[in-house]
2 protein chains.
Amino acid sequence: MTATIPGYLYGEADRSPVTLEELADLRASVLLGPEDEQALRLAGDVLEDQVEDVLDVWYGFVGANPHLLAVFATADGKPDGHYLDRVRARFGQWILDTCRRPYDQAWLDYQHEIGLRHTTAKKNGTDQADAAPYVPLRHVIALIYPITATIRPFLERKGHSPEQVEAMFQAWFKAVVLQVALWSRAYADVREW
Amino acid sequence: MTATIPGYLYGEADRSPVTLEELADLRASVLLGPEDEQALRLAGDVLEDQVEDVLDVWYGFVGANPHLLAVFATADGKPDGHYLDRVRARFGQWILDTCRRPYDQAWLDYQHEIGLRHTTAKKNGTDQADAAPYVPLRHVIALIYPITATIRPFLERKGHSPEQVEAMFQAWFKAVVLQVALWSRAYADVREW
């Protein structure tokens with residue numbers, strides 16, 4: 001199934017320079033525990049058939065903000081539709097991976113790959129695109145807010161209790177922050193990452 | 001009042017390399033608007049006499065996590081109490097500044113100063129401390145979660161409606177993410193910030 005998503009190379013990424021011990025510390029910093037993993041699994045079931053709707057919201061947001069759309073634009077300022085579509089397919093899979101994958105070595109490796117694909121090291125290459133050379137780190141961090149806040153209505157749509165929705169939402173929030181912290185590894189001066 | 005906090009030099013920081021236009025884009029990315037500014041003002045009133053209680057929670061969290069406490073420790077592994085106290089006083093003021101300061105040039109300049117104080121450029125110097133030389137960027141990002149999630153109970157304690165509490169919470173969440181995005185400027189390769 002996932003093999004049909006171009007450029008989605010989960011399980012084939014180079015080893016992350018981040019250690020599992022560093023990952024454990026980050027999990028502690030965001031308070032992500034076994035109950036959150038359970039809540040994420042439930043969120044995966046809730047979101048599975050809403051992925052395209054979530055992506056519509058996120059792509060609508062990007063499209064409404066020139067400084068975000070610029071990331072997908074070529075030097076002449078025009079958004080690259082093919083590149084947008086390619087990223088969208090992987091972004092949808094990322095939603096499900098966030099909910100369903102164990103956060104193990106393979107996951108850690110792929111987080112580093114995702115980070116690199118936001119920087120000059122690997123952006124565009126996967127999709128043979130000719131867009132902006134990197135996603136500014138500040139915007140990757142800032143997007144924690146919309147990527148978190150916009151998910152709640154989708155978590156509410158399948159008749160779960162307020163407590164279950166809240167648990168899924170908090171777990172999602174933690175998982176997003178954790179991943180952005182990992183992705184930042186590709187940007188920062190390694191001595192101070 | 002604030003002049004009595006050692007090292008709190010709001011209004012005296014060097015000019016931030018970040019432009020007001022870049023700040024405006026970041027505000028758009030976190031969806032921070034005039035209603036959030038109003039909600040932050042209200043949060044300032046709600047939190048004003050609870051600042052020490054909030055700091056107790058945050059410092060308890062840091063103290064319970066060796067990888068976070070290490071930031072305040074000297075080479076022999078012992079936390080520097082004087083440094084912890086100095087930072088705590090400014091951290092308390094930061095809560096109120098987040099709620100009450102206009103996000104203008106002076107605020108932008110001080111955000112850059114705060115960022116630098118997390119890196120080798122300026123950490124320890126303000127307090128003549130001899131602790132770890134920097135706060136790893138990944139932990140600054142990860143702390144978005146606890147610094148956001150732990151604030152809600154304090155926002156609920158003064159009898160405001162669920163809608164008001166939610167508005168204050170969302171505005172706080174946005175403001176924290178916005179500031180971490182700005183602080184990351186001190187870490188990243190400038191070309192890709």
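We name chains A, B, ... by the order of the sequence lines, and we start the count at 1 in each one. What you see below is based on every heavy atom in this structure, not just the backbone, and it leaves out hydrogens, waters and symmetry mates. Please read all numbers here as calculations on a predicted model, not as lab measurements.
Two residues are said to be in side-chain contact when any heavy atoms from C-beta on lie closer than 4.5 Å; B:Ser29 and A:Asn65 fail this criterion. Contact annotation: the side chain of B:Arg138 approaches that of A:Leu26 to within less than 4.5 Å [non-hydrogen atoms, C-beta and beyond]. A heavy-atom distance below 4.5 Å is found between the side chains of B:Phe61 and A:Leu31.
Proximity to chain A is absent for every atom of B:Val18, based on heavy atoms less than 4.5 angstrom apart. For B:Asp25, the parts lying under 4.5 angstrom from a heavy atom of chain A are both the backbone and the side chain. B:Thr120 touches chain A through backbone and side chain together, each having a heavy atom under 4.5 Å away. Only the side chain of B:Leu68 has a heavy atom closer than 4.5 Å to any heavy atom of chain A.
Remark: B:Thr148 OG1 to A:Lys174 NZ distance equals 12.5 Å, nearest 0.5 Å.
Shown here is B:Glu35, whose CD atom has no more than 12 heavy atoms of other residues, nucleotides or ligands within 6.0 Å. Remark: A:Glu21 CD is loosely packed, at most 12 non-hydrogen atoms of other residues, nucleotides or ligands lying under 6.0 Å away. When the shell of 6.0 Å around NZ of B:Lys78 is examined, it contains 12 or fewer heavy atoms from other residues, nucleotides or ligands. Residue B:Glu166 qualifies as enclosed at atom CD: its count of foreign heavy atoms under 6.0 Å is above 12.
Following chains of ILVMFWY side-chain contacts shorter than 4.5 Å, one cannot reach B:Leu116 starting from A:Ile141, and the two form parts of different hydrophobic clusters.
Counting heavy-atom pairs under 4.5 Å between each of B:Pro146, B:Pro66, B:Pro133, B:Ala64 and chain A puts B:Pro146 at the top. Ranked by heavy-atom pairs shorter than 4.5 Å toward chain B, the options A:Trp183, A:Tyr145, A:Tyr187 are led by A:Tyr145. Ranking A:Val135, A:Thr119, A:Val176, A:Leu143 against chain B, the residue ahead of the rest is A:Thr119, based on heavy-atom pairs under 4.5 Å.
B:Phe173 and A:Phe173 have their aromatic ring centers within a separation under 6.0 angstrom.
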Q) Going through the distances and angles, do B:Glu22 and A:His67 end up as a side-chain contact (heavy atoms from CB on, under 4.5 Å)? A) CA-CA 9 Å; B:Glu22 288 170 334; A:His67 69 282; over 6 Å; no

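When every heavy atom of B:Ala142 is checked against every heavy atom of A:Val30, the shortest pair comes out as O-CG1, 3.5 Å.
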